[in-house]
Q: 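Below is the structure I would like to discuss, written out as structure tokens.
Below, read A as the first sequence line, B as the second, and so on, with proteins coming before strands; counting in each chain starts at 1.
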There are 2 protein chains.
Amino acid sequence: MPRLEKDEAAVLLDRFRRYLKDHHHPVTRQRDLVAEVVFLSGGHLSVEEIQRRLTDQGETVGLATIYRTLEVLVKSGLVRAHDFGQGFRRYEAMSTQADHEHLICVRCGRVDEFANERLERMLGIIADEQQFQHQRHRVEIYGVCRDCQRKDFTQ
Amino acid sequence: MPRLEKDEAAVLLDRFRRYLKDHHHPVTRQRDLVAEVVFLSGGHLSVEEIQRRLTDQGETVGLATIYRTLEVLVKSGLVRAHDFGQGFRRYEAMSTQADHEHLICVRCGRVDEFANERLERMLGIIADEQQFQHQRHRVEIYGVCRDCQRKDFTQ
DNA sequence: TTGCCTGCAAAGTATTTGCATAACA
DNA sequence: TGTTATGCAAATACTTTGCAGGCAA
């Protein structure tokens, strides 16, 4: 599971600040805080989880501001939005790592990642065959994660 | 693009009626109407589109009833629900055809299908490698469809 | 100083639920 | 006749928007 290093989070945060400046958007305390939480986590956070982490840090940022900051982060290309069909979105830092896809546990909701070059290539070829101009794709495998399989045995 | 034949729609409707009877759920006019629209279309309909088609037929079915009927249809296994990240769900008849994946046009929202056995096999293997118990998956390719590419040229 | 940001509350969108009435078996 | 469905309206969950006041450049 690729978790972002503290160094990488710092790099991303720097890029975000530069992005804001380049686009004449003020760099504010709230934007910094939200971005930092997403970059440091490296996981797939919901807005609720982001707000909880901020609260745990003793910071208060309004929900609307979190949503608005995430919008900017997505536009900047530093964060990616996901909809895993759970009724809300999840946000993920776009580190320098390669493209990856997701494994979603239907029991516990945990989201893991995997990367597979052959798969990526195959999708490009399939799109070509259909004369479809490929931009991006989404591959999600739903099932039971290792931990939840273990629980089946225990019980 | 596999569109369902009228005959196949009739078969599916029959199965749905039997499913209702087997589960001691009344077969009502509204359930019949909603199921028929989905089975005959063969596409990927939103609830709004389903209601519009019913209205066009001169039938009035309440929104809540459409949602409740779709829930039963999904439980019966005759219809599949999709979330293509457009802010609402789409529903598709599960014909006898093989598993397939989707191509979603980011311009016009059109949804096309493709089937690829090698891809299906590869996903099973990837899940195994990750010790993940594969149940189902979702592969979506986002980009520009043939028609919208053509429009680029014209303009 | 000027303009964009923030937080609150209100609005919005897709979907679900409660309840009185109506339809199926 | 006894369930269960239906339709309306209200509720819900997540997200977006309007606006008055507050920071960043």
Side-chain angles (χ1 to χ4, degrees), chain A residues 13-14 16-38 44-52 54-55 57-76 79-91 109, chain B residues 13 16-38 44-52 54-55 57-76 79-92 109:
Chain A
L13 193 55
D14 245 35
F16 182 48
R17 291 202 187 108
R18 200 170 317 148
Y19 174 88
L20 290 173
K21 280 174 190 162
D22 289 351
H23 290 74
H24 304 288
H25 297 318
V27 177
T28 66
R29 170 177 184 68
Q30 289 88 337
R31 281 176 172 165
D32 248 39
L33 286 166
V34 172
E36 199 179 21
V37 164
V38 178
H44 306 80
L45 298 180
S46 64
V47 169
E48 196 191 332
E49 284 163 351
I50 293 169
Q51 195 175 45
R52 184 161 356 111
L54 289 169
T55 309
Q57 290 177 28
E59 304 286 351
T60 340
V61 181
L63 260 183
T65 301
I66 297 178
Y67 277 108
R68 281 185 282 227
T69 303
L70 286 168
E71 200 186 323
V72 182
L73 279 164
V74 169
K75 262 196 200 135
S76 78
V79 164
R80 196 170 151 191
H82 291 286
D83 185 341
F84 294 129
Q86 301 172 313
F88 51 86
R89 285 181 219 132
R90 290 184 174 281
Y91 297 86
Chain B
L13 194 56
F16 183 48
R17 291 203 186 108
R18 201 171 316 148
Y19 174 88
L20 291 173
K21 280 174 189 163
D22 289 351
H23 290 74
H24 304 288
H25 297 318
V27 176
T28 66
R29 170 176 185 69
Q30 288 86 338
R31 282 176 172 164
D32 248 39
L33 286 166
V34 172
E36 200 179 20
V37 164
V38 179
H44 305 80
L45 300 179
S46 64
V47 168
E48 196 191 333
E49 285 163 349
I50 292 170
Q51 195 175 43
R52 182 160 359 110
L54 289 169
T55 309
Q57 291 176 27
E59 305 285 351
T60 342
V61 180
L63 259 184
T65 300
I66 297 177
Y67 277 107
R68 281 186 282 227
T69 302
L70 286 168
E71 199 186 324
V72 180
L73 278 164
V74 169
K75 263 196 201 137
S76 77
V79 164
R80 196 170 150 191
H82 290 286
D83 184 342
F84 294 128
Q86 302 173 314
F88 51 85
R89 284 179 221 133
R90 289 185 175 279
Y91 296 86
E92 171 186 28

Q: Between B:V38 and B:L45, which heavy-atom pair has the shortest distance, and what is it?
A: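 That closest heavy-atom pairing would be CA-CD1, 4.3 Å.
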
Q: Assign each of B:P26 and B:L63 to its nearest nucleotide of DNA chain D by heavy atoms, then name whichever residue's nucleotide is nearer the 5' end.
A: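 With B:P26 and B:L63 compared, the 5'-side residue is B:P26.
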
Q: To check you understand the geometry: which heavy-atom pair defines the closest contact between B:E36 and B:L13, and what is its length?
A: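 That would be N-CD1, 4.1 Å.
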
Q: Answer yes or no: does a side-chain N or O of B:R89 lie under 4.0 Å from OP1 or OP2 of C:dT16?
A: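 So the side chain of B:R89 is within the cut-off, an N or O lying under 4.0 Å from OP1 or OP2 of C:dT16.
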
Q: Under the 3.5 angstrom rule, does the side chain of A:R90 hit a backbone N or O of A:H44 as a donor-acceptor pair?
A: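 Looks like yes, one N/O pair under 3.5 Å.
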
Q: May I ask you to evaluate whether B:T28 reaches the phosphate of C:dA23, defined as a side-chain N or O under 4.0 Å from OP1 or OP2?
A: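 No, no such contact exists.
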
Q: Nearest-Å distance, CZ (B:R18) to P (C:dA25)?
A: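 So the CZ-P distance, B:R18 to C:dA25, works out to 15 Å.
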
Q: Which is more 5' along DNA chain C, the nucleotide nearest A:R29 or the one nearest B:E48? Just name the residue.
A: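 Nearest nucleotide further toward 5': that of A:R29.
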
Q: With respect to the phosphate group of C:dA25, does any side-chain polar atom (N or O) of B:H24 fall under 4.0 Å of OP1 or OP2?
A: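 Result: no.
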
Q: Between D:dT6 atom P and B:L20 atom CG, what is the distance in whole Å?
A: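 Result: 10 Å.
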
Q: Nearest to the side chain of B:R31, heavy atoms from C-beta on, is which of D:dA25, C:dT15, D:dA5?
A: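 Among the listed nucleotides, the one closest to the side chain of B:R31 is D:dA5.
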
Q: Measure the distance from CG on A:D83 to P on C:dT13 and round it to the nearest whole Å.
A: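 The distance from CG of A:D83 to P of C:dT13 comes to 18 Å, rounded to the nearest Å.
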
Q: Could you state the atom-to-atom distance from OH of B:Y67 to P of D:dA11 in whole Å?
A: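 My rounded result for the distance is 19 Å.
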
Q: Return the value, rounded to whole Å, for the distance between atom CD of B:E71 and atom P of D:dA5.
A: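 Distance check: B:E71 CD to D:dA5 P gives 11 Å.
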
Q: Just the rounded figure in Å: distance from P of D:dT4 to NZ of B:K21.
A: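 Spelled out: NZ on B:K21 to P on D:dT4 is 17 Å.
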
Q: Ignoring backbone atoms, establish whether B:Q30 has a side-chain N or O less than 4.0 Å from OP1 or OP2 of D:dG7.
A: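 It does, given that an N or O in the side chain of B:Q30 lies less than 4.0 Å from OP1 or OP2 of D:dG7.
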
Q: Do A:D32 and A:R29 meet the salt-bridge criterion of a basic N to acidic O distance under 4.0 Å?
A: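 Between A:D32 and A:R29 there is no salt bridge, as every charged N stays at least 4.0 Å from the carboxylate O atoms.
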
Q: Can you tell me the distance, in whole Å, between the CZ atom of A:R52 and the P atom of D:dC14?
A: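 That distance rounds to 12 Å.
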
Q: Can you tell me how far P of D:dT15 sits from CD of A:Q51, to the nearest Å?
A: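 A:Q51 atom CD is separated from D:dT15 atom P by 12 Å.
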
Q: From the options C:dA14, C:dC5, D:dT6, select the nucleotide whose nearest atom is closest to the side chain of B:R68.
A: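 It is D:dT6.
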
Q: So, the side chain of A:R31 versus the backbone of A:P26: is there a donor-acceptor pair under 3.5 Å, distance only?
A: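 Yes.
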
Q: As a test of reading the structure: which of C:dT15, D:dT6, D:dT17 is closest to the side chain of B:T65, going by heavy atoms?
A: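 In terms of side-chain proximity for B:T65, the closest of C:dT15, D:dT6, D:dT17 is D:dT6.
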
